[in-house]
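Accompanying notes for the structure given below.
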Amino acid sequence: VGSSPTSQWDFWGSTLVTSSYVRLTPDERSKQGSIWNTVPCHLKDWEMHVQFKVHGSGKKNLHGDGIAIWYTKDRLHPGPVFGNQDQYLGLAIFMDTFRNDLHGMDRSFPYILAMVNNGSVSYDHGKDGRSSELGGCSAEIRNREHDTYLAIRYSKGRLTVMVDVDDKNEWKECIDIGGVRLPTGYFFGASAATGDLSDNHDIISMKLYQLMVEHTPEEENLDWTKIEPSVSLLKSPKG
């Protein structure tokens with residue numbers, strides 16, 4: 001976002017565009033907003049850096065719901081998953097700020113998790129997405145005085161998610177999983193939603209970097225647009 005021409009982005013819902021940030025939702029109840037790039041990604045190996053800010057007047061545990069970063073086949077399909085459609089095709093990284101599952105007290109929120117979907121799986125809000133989670137980590141992303149960043153790297157079938165939220169100017173690994181298959185030709189987007197509780201969910205920038213990686217001739221000759229999103233080493237669902 002940021003410096004790139006807005007012609008490459010579509011906006012939906014409560015989204016407010018300013019010169020310095022895109023506010024997906026204001027700190028008000030029952031809002032949903034999203035931004036979607038209009039150009040499909042044709043890179044086989046890429047890294048996306050997102051500068052974001054989640055902030056609001058709600059006290060601890062009285063705010064929600066969070067931001068999702070998407071790499072999906074479809075764009076601009078509003079729905080129940082952080083403002084976007086369920087049963088999508090592709091990758092989602094959820095920055096979930098509100099705990100729905102009171103049995104899941106073994107993890108602290110905000111919680112960042114990854115999910116790959118082939119279009120058939122529903123995101124389980126009641127369990128905070130545990131049943132389909134590939135990996136995740138807790139991260140204090142809310143009401144920070146300094147800049148907060150998320151990085152998503154996809155290279156040679158490996159998905160790595162890193163955060164820089166402690167004002168140390170260094171990446172801290174959150175998720176690292178192999179056996180992930182994602183096609184080219186999908187779209188990047190970001191969405192956010194509020195319910196009974198709310199926050200400002202701001203995207204300051206989304207920057208895509210090409211990673212220069214050697215592929216085998218067999219890999220090069222594949223039609224990468226035909227790959228179905230999947231994970232070969234899906235861990236057993238966490239209760």
Is a side-chain donor or acceptor of [X] paired with a backbone partner of [Y] at a separation under 3.5 angstrom?
X: N37; Y: G189; value: no
X: D128; Y: D101; value: yes
X: Y186; Y: T225; value: no
X: H125; Y: P80; value: yes
X: K172; Y: A139; value: no
X: T148; Y: F52; value: yes
X: T72; Y: L89; value: no

Judged by modelled atom types alone, do [X] and [Y] share a side-chain donor-acceptor pair under 3.5 Å?
X: E47; Y: H49; answer: yes
X: H42; Y: T184; answer: no
X: D45; Y: S155; answer: yes
X: S198; Y: D27; answer: yes
X: D176; Y: T160; answer: yes

Q | Intermediate values then yes/no, side chain to side chain donor-acceptor pair (under 3.5 Å), D202 and H55 | A | CA-CA 8 Å; D202 299 347; H55 55 112; 2.8 Å; yes
Are [X] and [Y] joined in one hydrophobic group, where the rule is that I, L, V, M, F, W and Y side chains link up if heavy atoms are under 4.5 Å apart?
X: V54; Y: V17; value: yes
X: V165; Y: I93; value: yes
X: V81; Y: F109; value: yes
X: V50; Y: I141; value: yes
X: L24; Y: L16; value: no

Should [X] and [Y] count as side-chain neighbours, where that means a heavy-atom distance under 4.5 Å?
X: R158; Y: R153; value: no
X: I227; Y: L182; value: no
X: R142; Y: H63; value: yes
X: D10; Y: I35; value: no
X: L150; Y: M95; value: yes
X: L159; Y: I152; value: yes
X: Q87; Y: Q85; value: no
X: V163; Y: I112; value: yes

Q.
With ring pair (Phe, Tyr, Trp, His ring centres under 6.0 Å) as the test, pick out the partner of W70 among F82, F94, Y123.
A.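 With W70 as partner, ring pair (Phe, Tyr, Trp, His ring centres under 6.0 Å) holds for just one option, F94.
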Q. In this structure, which one of Y209, F188, W224 forms a ring pair (Phe, Tyr, Trp, His ring centres under 6.0 Å) with W46?
A. F188
Does [X] pair with [Y] as a salt bridge, N-O distance under 4.0 Å?
X: K44; Y: E220; result: yes
X: K31; Y: D199; result: no
X: K73; Y: E228; result: no
X: R130; Y: D124; result: no

Please round to the nearest 0.5 Å and tell me the distance separating atom [atom1] of [X] and atom [atom2] of [Y].
X: Y149; Y: S205; atom1: OH; atom2: OG; value: 7.0 Å
X: S34; Y: I67; atom1: OG; atom2: CD1; value: 12.5 Å
X: Y111; Y: D96; atom1: OH; atom2: CG; value: 10.5 Å
X: R99; Y: T97; atom1: CZ; atom2: OG1; value: 12.0 Å
X: D166; Y: E140; atom1: CG; atom2: CD; value: 8.5 Å
X: Q51; Y: D164; atom1: CD; atom2: CG; value: 9.5 Å

Q) Taking the six-membered ring of F187 as reference, does the NZ or CZ atom of R75 fall below 6.0 Å from its centre and within a 45° cone about the axis? A)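 So R75 does make the cation-pi contact.
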Taking every non-hydrogen atom, the tightest pair across [X] and [Y]:
X: I69; Y: A190; value: CD1-CB, 3.9 Å
X: S14; Y: G33; value: OG-N, 3.7 Å
X: T194; Y: E28; value: OG1-O, 2.7 Å
X: G135; Y: I175; value: O-CD1, 3.3 Å
X: V116; Y: S230; value: CG1-N, 3.7 Å
X: S132; Y: V121; value: CB-CG1, 4.0 Å

Q: Return the set of residues passing disulfide bond (SG atoms under 2.5 Å apart) with C41 (not counting sequence neighbours), or none when no residue passes.
A: none
Q: Please check if atom CG in D223 has more than 12 non-hydrogen atoms from other residues, nucleotides or ligands closer than 6.0 Å.
A: yes
**Q.** Residues E145, K53; criterion salt bridge (charged side-chain N to carboxylate O under 4.0 Å, His left out); working and verdict
**A.** CA-CA 10 Å; E145 295 298 310; K53 191 169 180 65; over 6 Å; no
Q.
Set out, in order, the CA-CA distance, both residues' side-chain angles and the distance that settles side-chain contact (heavy atoms from CB on, under 4.5 Å) for L134 and L113, then state yes or no.
A. CA-CA 7 Å; L134 295 177; L113 65 97; over 6 Å; no
Q: Please report the C-alpha distance between R29 and D196 in whole Å, then the side-chain angles of each, then the deciding distance to 0.1 Å, and finally whether the side-chain contact (heavy atoms from CB on, under 4.5 Å) criterion is met.
A: CA-CA 5 Å; R29 293 165 69 164; D196 292 338; 3.6 Å; yes
